[in-house]
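Only one structure is covered here, and it is reproduced in the block below.
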2 protein chains.
Amino acid sequence: MATRVPQERRRRRPTRSGVLLSEDLIVETALRLIGEHGPEALSVRRLGTALGCDPTALYRYFHGTDDLVLAIADRIIGDAMEGFVPGDDWVASLREMALRVRAGYVAHPRAAAMAAHRVTRRKSEIRAVETGIGLLLSAGFEPASAARLYLAFIDTVLSHAAADAAFQALPRQQREADHRAWRDVYQDLDPVAYPALTAVRPELPGMADSSFEEAVDLLLEALAARAPAARGCGRSRPGARR
Amino acid sequence: MATRVPQERRRRRPTRSGVLLSEDLIVETALRLIGEHGPEALSVRRLGTALGCDPTALYRYFHGTDDLVLAIADRIIGDAMEGFVPGDDWVASLREMALRVRAGYVAHPRAAAMAAHRVTRRKSEIRAVETGIGLLLSAGFEPASAARLYLAFIDTVLSHAAADAAFQALPRQQREADHRAWRDVYQDLDPVAYPALTAVRPELPGMADSSFEEAVDLLLEALAARAPAARGCGRSRPGARR
DNA sequence: CGCCTTACGTCAACAGGGTTGACCCAATGC
DNA sequence: GCATTGGGTCAACCCTGTTGACGTAAGGCG
């Protein structure tokens, strides 16, 4: 099979059910499908029926599942960052970027779980990188530091977001089991063998919650502390948790 | 099918090829299989043939794929943390924990990619949590802070490790394409539309590398800065990158 | 020592997945 | 209006996890 996907103009023909396929329509349908019928709903075959076309028609638009996934990922990034304009405060701006990306991923857990660690090399991703590195440059970092630190920042954001998304993407049963684990298993431990866990026992149920914001805040504190145009050292926590 | 998995003693019978199955043997074989034949090699059926038994025999030992995955994950944690003893320097100790966990995950990419975000609720995981929280308590944090910050720390470590593992787990073709993206796509951008990216252009090929250590160092800096028994504010970078 | 129970290895089958090559119609360029 | 060929369709292949039924041999017990 020649999986040649010309992205020039195309010579589209209405599908059996009358729909005109397009890259955008496919990606949108994929996201809708995931949103409506849960994380497991994304498969070439189901996507085909949802679009009212033969599943294999998709191979005319994407080289394969992977290609489709990258397109979906870039769409999520684009939607999440839509309307975002970086403000004067670079720390606050990075923080908002982080929250937006995470929200976008959690809204599409299954897709995010597949795509979060990839390089989409598409429009929206490139724009986001441009914005982020721009913010660090505006903070006074050298180009080399800016690139390196942006990578550390965005990787943390993306991987945390992916973790949250992966958790959302679990079948309800497993999700609840993981959640209960902190209440159940970790509650009945031998105090002698596990003194630290015993000391923090009341806090353990909270371990099931996401640590996303705390992690981002810690990271931004460290960045602010390292910034040439420093924002001070001790007290620059950009936001309180909970 | 009654997926009842008694973990008491069992009444084992040699398999058709003469092997005596056991939970440990299955987990070890799974890890070996992944290590030898690549990330795609882990499937119930292949695991069955590797063990010299019918694939469905595994269901006598694990409730399903998920259960098996959790067992594998805990084994990885256990192997990675084997022989680790926390030292006097809590920052250095946390740093070593991070590096060990990451090394363990990257060594078993496919398994890690499936399991990194789960709560195994098994022996090795519990021991690791005990150690980590103990370190933060020893640093002088209140129990509530210790639990919360440990969560932020370990989630960052785990999700970064998972990201690295997920990348390793990609088919070679996709892995190389993602890697090349930073050299190719991101090199030929319009300087007017993308000033920041143009400013850091020489640094972009490095974006393909892992930012794990940088992120961990940033996080540990922030933790050290927040610690009651402070290690000082500005200059506590626990390790230099590269 | 030998029976009975039942754990557990095996087998066949099902539903779903991605991907392919062949087929052929109709939209487009000339 | 004709030739070209993009692209929608169909059938088929091989993979996956999971199940219920089946029977054999291991272990407890008399």
Side-chain angles (χ1 to χ4, degrees), chain A residues 1-23 25-26 29-30 33-34 37-70 72 110 114 170-171 173-174, chain B residues 1-23 25-26 29-30 33-34 37-70 72 110 114 170-171 173-174:
Chain A
M1 171 72 293
T3 55
R4 31 166 60 246
V5 181
Q7 59 257 45
E8 297 300 316
R9 311 177 53 261
R10 20 172 61 94
R11 186 156 119 187
R12 298 181 293 159
R13 189 181 359 167
T15 177
R16 167 163 263 268
S17 64
V19 195
L20 273 187
L21 292 179
S22 74
E23 211 165 305
L25 178 64
I26 296 176
T29 307
L33 208 139
I34 295 170
H37 306 299
E40 311 300 328
L42 187 60
S43 82
V44 175
R45 291 175 134 95
R46 264 199 277 260
L47 189 46
T49 27
L51 281 162
C53 71
D54 189 277
T56 61
L58 304 178
Y59 287 86
R60 305 284 179 198
Y61 292 83
F62 300 96
H63 294 95
T65 308
D66 185 64
D67 198 27
L68 172 61
V69 162
L70 290 185
I72 293 177
R110 168 80 163 151
M114 291 185 302
L170 288 177
Q173 220 174 350
Q174 295 174 24
Chain B
M1 171 71 292
T3 54
R4 30 160 67 243
V5 181
Q7 57 258 44
E8 298 301 314
R9 311 179 53 263
R10 20 173 63 94
R11 186 156 117 188
R12 299 180 292 158
R13 189 181 358 168
T15 178
R16 164 161 265 270
S17 64
V19 195
L20 274 186
L21 291 181
S22 76
E23 211 165 306
L25 179 63
I26 295 175
T29 308
L33 208 140
I34 296 169
H37 305 301
E40 311 301 327
L42 187 60
S43 82
V44 175
R45 292 173 131 93
R46 262 197 279 258
L47 188 47
T49 25
L51 281 161
C53 71
D54 189 276
T56 60
L58 304 179
Y59 287 87
R60 305 285 177 196
Y61 293 84
F62 300 96
H63 293 96
T65 308
D66 186 62
D67 198 28
L68 172 61
V69 162
L70 291 185
I72 294 177
R110 168 79 163 153
M114 292 186 300
L170 288 177
Q173 219 174 350
Q174 296 174 24

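Values reported hereafter were calculated over all heavy atoms of this structure, with side chains retained and with hydrogens, waters and symmetry mates removed.
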Please confirm whether any donor atom in the side chain of A:Arg13 sits under 3.5 Å from an acceptor in the base of C:dC25, or the reverse. yes
C:dG17 P sits how many Å from A:Leu47 CG, rounded? 11 Å
Figure out the CG/C1' separation between B:Asp66 and D:dT16, and round it to whole Å. 16 Å
Length of the line joining B:Arg45:CZ and C:dC14:P, which is rounded to integer Å: 13 Å
Between A:Phe62 and A:Ile26, which heavy-atom pair has the shortest distance, and what is it? CE1-CG2, 3.7 Å
If only side-chain N and O atoms of A:Tyr59 are considered, is one of them under 4.0 Å from the OP1 or OP2 phosphate oxygen of D:dT9? no
Interatomic distance, B:Leu42 CG vs D:dC15 P [rounded to whole Å]: 16 Å
Evaluation steps, side-chain contact (heavy atoms from CB on, under 4.5 Å), between B:Val44 and B:Tyr59: CA-CA 9 Å; B:Val44 175; B:Tyr59 287 87; 4.1 Å; yes
Rounded to whole Å, the CG-P distance (A:Leu20 to D:dG6) equals 18 Å
Is the phosphate of D:dT16, meaning OP1 or OP2, less than 4.0 Å from a side-chain N or O of B:Arg46? yes
Tabulate atom names and distances for all N/O pairs under 3.5 angstrom spanning the protein and nucleotides 10-12 of chain C.
from   : atom 1 : to      : atom 2 : distance (Å)
C:dT10 : OP1    : B:Thr15 : OG1    : 3.0
C:dT10 : OP1    : B:Arg16 : N      : 2.7
C:dT10 : OP2    : B:Thr15 : OG1    : 3.4
C:dT10 : OP2    : B:Asp54 : N      : 2.8
C:dC11 : N4     : B:Thr56 : OG1    : 2.9

Shortest non-hydrogen separation from A:Gly48 to A:Leu58 and the atoms involved: N-CD1, 4.4 Å
A:Leu51 versus A:Leu21: any side-chain heavy-atom pair under 4.5 Å? yes
Which heavy atom of A:Leu47 sits nearest to which heavy atom of A:Leu33, and what is that distance? CA-CD1, 4.0 Å
A:Tyr61 atom OH is separated from D:dT9 atom C1', nearest whole Å, by 13 Å
Using whole Å, what does the distance between atom P of nucleotide D:dT19 and atom NE2 of B:His63 come to? 11 Å
From the list A:Asp66, A:Ile72, A:Thr65, side chain to side chain contact (heavy atoms under 4.5 Å, CB included) partner of A:Leu68 resolves to A:Ile72
